[in-house]
Amino acid sequence: MELILEKGRPDKEAGRLEKEIRVYDLLDRIGLEYQRVDHAPAMTMEACRDIDRVLEATVCKNLFLCNRQKTQFYLLMIPGDKVFHTRDLSAQIGSAFPSSPAAPGGNRRNVHRSRWGAPGWPRCCRA
């Protein structure tokens, strides 16, 4: 799939998820200009590099985390080349064991209606 920088919502909505169309609706309604790149799910930082090059954006890891009780949730966004240290984040948020809600007993999709490899805000929307 060739990666092409596009301005605004796609001309054709067929085959796109309803939640993706709702994002375009919102951005258009509030008058935010944006650019996008359509791409297959990007499961690794290496896969994201080509996408980020087209967007001229900083490579970013999006880590969705929660406390052990799954009552507090955090979206950690760090540069792709930065290493994530659990102990550093634990000290900042006051939670001994931040983990992914998708860990055993968790459900990432139900919490923030996303899927693995889906574009995060830094990638799909750039003002």
Single-linkage hydrophobic cluster, 4.5 Å side-chain cutoff, L63 and V83 together: no
To the nearest 0.5 Å, how far apart are CG in L89 and CD1 in I78? 9.5 Å
For R16, enumerate each residue passing the side chain to side chain contact (heavy atoms under 4.5 Å, CB included) test, keeping only those at least two apart in sequence or located in another chain. P10, E20, I21, Y24, R36, D38
To the nearest 0.5 Å, what is the distance between SG (C48) and CG (N62)? 8.5 Å
Are I51 and L3 packed together at the side-chain level, in the sense that at least one heavy-atom pair is separated by less than 4.5 angstrom? yes
Among residues at least two apart in sequence or on other chains, which ones pass side chain to side chain contact (heavy atoms under 4.5 Å, CB included) with E46? T44, R49
Between V54 and I4, is there a side-chain heavy-atom distance shorter than 4.5 Å? no
Would you say Q35 and E6 make side-chain contact, with heavy atoms under 4.5 Å? no
Gap separating the CG atom of L17 from the CZ atom of R22, nearest 0.5 angstrom: 9.5 Å
Got a second to check how far L65's CG is from F73's CZ, nearest 0.5 Å? 10.5 Å
Give a yes or no on whether the backbone of Q72 and the side-chain of N67 come within a donor-acceptor separation of less than 3.5 Å. yes
Sequence neighbours excluded, which residues qualify as salt bridge (charged side-chain N to carboxylate O under 4.0 Å, His left out) partners of K12? none
Can you name the salt bridge (charged side-chain N to carboxylate O under 4.0 Å, His left out) partners of E2, sequence neighbours left out? none
Quick one: does any side-chain atom of D88 pair with a main-chain N or O of Q92 as donor and acceptor, under 3.5 Å? no
Check salt bridge (charged side-chain N to carboxylate O under 4.0 Å, His left out) between E13 and all other residues, then give those that pass, not counting sequence neighbours. R9
Test item: Y34 and D28 side chains (from C-beta on) under 4.5 Å apart, heavy atoms: yes
